[in-house]
Amino acid sequence: MELPSWLGVPALGFGRATAQPRHGLVLAGGGSKASFQIGALRHLYDVVGIHPEVITATSAGSVVACTIAQWGDPADQARAVTELDQMWMAMQDQSEMFAPRAWFKLLLEKGPEWAKLIDRDREDERRRRPRGFSMPRISMPFRRSADGSSTIVDPAEPMAGGDDSRMSMQLTGQAATLNLATKEFPVAEDSASWSPSMVLQILSALSKLSRDSSDIREILRGAEASASTYRAGPLLAKLLDPSWFRSDRLAASGIKLRIATVGLESGDLHYITEGGVMVDRDDQPISGEVHEVTKGVLASCSIPGVFRPVKIEDEHYVDGGMRENVPAEMAIGHLGVTHPYVITCSPLGTSPSSDFRSKNLLDLVTRSIDILTDETGRDEVAYALSAGAKVIGPDVSVHSAMTVDPGLLQINRDYGWMSSAEQHLGTDQDTRVLVNEIVRLRMRGWELEKAWLADRIPVSRTPRLGASSPQTLSGPEQILELGEVKRALADAAARLPEDVRPEGADDWGRVLEAHGHAPEGLEPPW
């Protein structure tokens with residue numbers, strides 16, 4: 001099958017115009033939003049019957065890719081996806097995937113209290129100043145809620161990181177990777193290295209809080225020592241357990257694998273192969289060294305400032321999405337894939353934001369990254385489409401890349417299944433609109449259920465990042481709207497074509513969505 005190149009010219013220069021078809025998968029990054037990918041893959045394996053020989057991936061997609069690529073037999077690959085689905089859906093809260101470091105956890109606990117003190121101090125100062133004097137604004141990583149409380153702003157998106165310079169010499173292979181991703185770092189009393197920008201923004205304000213000076217020192221030193229806000233949670237230990245994953249099995253499976261990561265020193269896009277060899281973007285080896293593949297996956301998942309860069313050879317590597325979030329060019333242009341399936345995790349396009357005159361530095365940085373990532377994602381998807389790829393992706397953002405909530409994960413997983421079914425069947429636009437309507441109805445039902453459950457379940461006062469906040473309504477109004485949402489959902493599900501209905505669709509309008517730590521046996525309130 002001869003595929004057109006990026007410019008629409010037959011791709012003879014890439015060596016892909018051969019009689020032998022080659023099937024492949026391209027898996028984009030997206031943190032916990034890989035739930036969408038898992039749903040799409042369940043459909044592709046269980047219904048379509050794909051048999052990829054090549055897999056390229058970035059960030060969270062690399063975790064999914066390594067799970068599949070251990071097996072050459074499509075039946076074994078399908079079984080691995082099913083087991084990964086069960087593992088992903090079993091997560092109950094964010095800490096299972098993203099564990100806040102000790103210093104950042106302390107900031108989460110102290111931050112709202114400090115924000116109130118600083119607000120009060122600034123108001124007192126304003127009253128003392130002459131008329132017409134304007135106080136400079138202090139950028140704070142806290143956001144004022146409608147009820148007057150302060151919450152921590154989510155610092156970033158996606159997954160893990162570490163630094164091998166302090167790794168125990170006794171650990172090798174996957175055990176070393178796990179240690180690298182989950183360990184805390186000791187705090188030196190004379191630490192004087194670079195501090196994360198978020199901490200620097202609030203340093204001048206926090207210096208006034210002398211009674212909390214020991215906490216402030218712990219936060220600053222912890223940030224300097226770890227250079228990250230999170231470490232990998234318990235999910236990574238499960239994924240690296242030898243009963244689940246083995247690098248030698250990956251190398252021997254016959255599947256070609258490329259995991260994207262970016263070197264901070266060189267700024268170059270590199271890939272690690274199924275055999276642990278680092279190659280450049282033209283698939284040429286960089287050196288003769290062989291590395292533990294899981295270390296490359298860890299690097300591919302390492303968002304700067306959120307997780308530590310990973311040192312491999314003489315470079316520190318970070319998330320491959322910085323340059324290639326949808327690595328289609330490697331699969332199609334260099335590894336000869338003629339039948340590519342591309343699965344993204346996020347909608348193309350950025351949602352409008354509020355006026356940035358009142359935003360802080362962190363807001364500016366994260367917004368800029370969102371815009372940059374979207375632009376590169378558009379180019380990468382356009383390249384894949386020009387090469388004849390089947391591109392499966394969402395139109396609706398169900399949850400953020402750091403959200404771990406069982407209900408939202410399941411909604412997003414089912415969304416991936418339906419989106420794959422649509423793509424495979426070539427359904428009309430009306431079906432796509434109906435699928436998106438169902439997803440939005442389920443999201444609204446989840447919000448209303450969460451608000452209803454909050455009155456029945458003790459709620460932790462510690463802010464939890466990444467989750468949506470349900471709209472506040474009075475009890476009777478909540479139940480009334482929830483009943484309307486569930487009736488509309490049942491009607492929409494009934495109109496969904498049979499081949500686009502995932503397992504459980506018949507129950508969407510009758511039962512509660514999944515909720516972490518909710519009591520068993522709750523009767524639906526409507």
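Since we're looking at a predicted model, the values are computed, not measured. Because only heavy atoms are used, hydrogens play no part in the values below, and waters and symmetry mates are left out as well, while side chains stay in.
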Glu447 bridged to Arg444 by N-O distance under 4.0 Å:
yes

Minimal heavy-atom distance between Trp244 and Ala80, with the atoms involved, is CH2-O, 3.7 Å

From the list Glu274, Glu292, Gln70, side-chain hydrogen bond (donor to acceptor under 3.5 Å, both in side chains) with Ser247 holds only for Glu292

Look up atom CG in Leu44 and atom CD in Gln77, then write down how far apart they are to the nearest 0.5 Å.
11.5 Å

Interatomic distance, Ser300 atom OG to Met322 atom CE [nearest 0.5 angstrom]
10.0 Å

Sub-3.5 Å donor-acceptor pair from the side chain of Thr261 to the main-chain atoms of Asp319, do we have one?
no

Closest non-hydrogen contact found for Val293 with Thr273 is CG2-O, 3.7 Å

If you compare all heavy atoms of Ala60 against all heavy atoms of Gly30, which two are closest, and at what distance to 0.1 Å?
CB-N, 4.1 Å

Any salt bridge between Glu449 and Lys486, counting N to O under 4.0 Å?
yes

Please verify the inter-ring angle class for Phe36 with Tyr415; under 30° counts as parallel, over 60° as perpendicular, anything in between as tilted.
perpendicular

For Asp46, give me all partners under salt bridge (charged side-chain N to carboxylate O under 4.0 Å, His left out), at least two apart in sequence or on another chain.
Arg42

Does this structure show an ion pair linking Asp241 with Lys238, if we count only N-O contacts that are shorter than 4.0 Å?
no

Between Glu324 and Thr58, a side-chain donor and acceptor under 3.5 Å
no

Will you find, in the side chains of Glu329 and Tyr383, an N or O donor that is under 3.5 Å from an N or O acceptor?
no

Gap separating the CD1 atom of Ile272 from the CD1 atom of Ile259, nearest 0.5 angstrom:
8.5 Å

Shortest non-hydrogen pair, Ala514 vs Gln410, comes out as CB-NE2, 3.6 Å

In Å, rounded to the nearest 0.5 Å, how long is the span from CD1 of Ile438 to CD1 of Ile411?
12.0 Å

Residues in salt bridge (charged side-chain N to carboxylate O under 4.0 Å, His left out) contact with Asp428, at least two apart in sequence or another chain:
none

Kindly give the heavy-atom pair with the smallest separation between Cys66 and Leu257, and that separation in Å.
SG-CD2, 3.9 Å

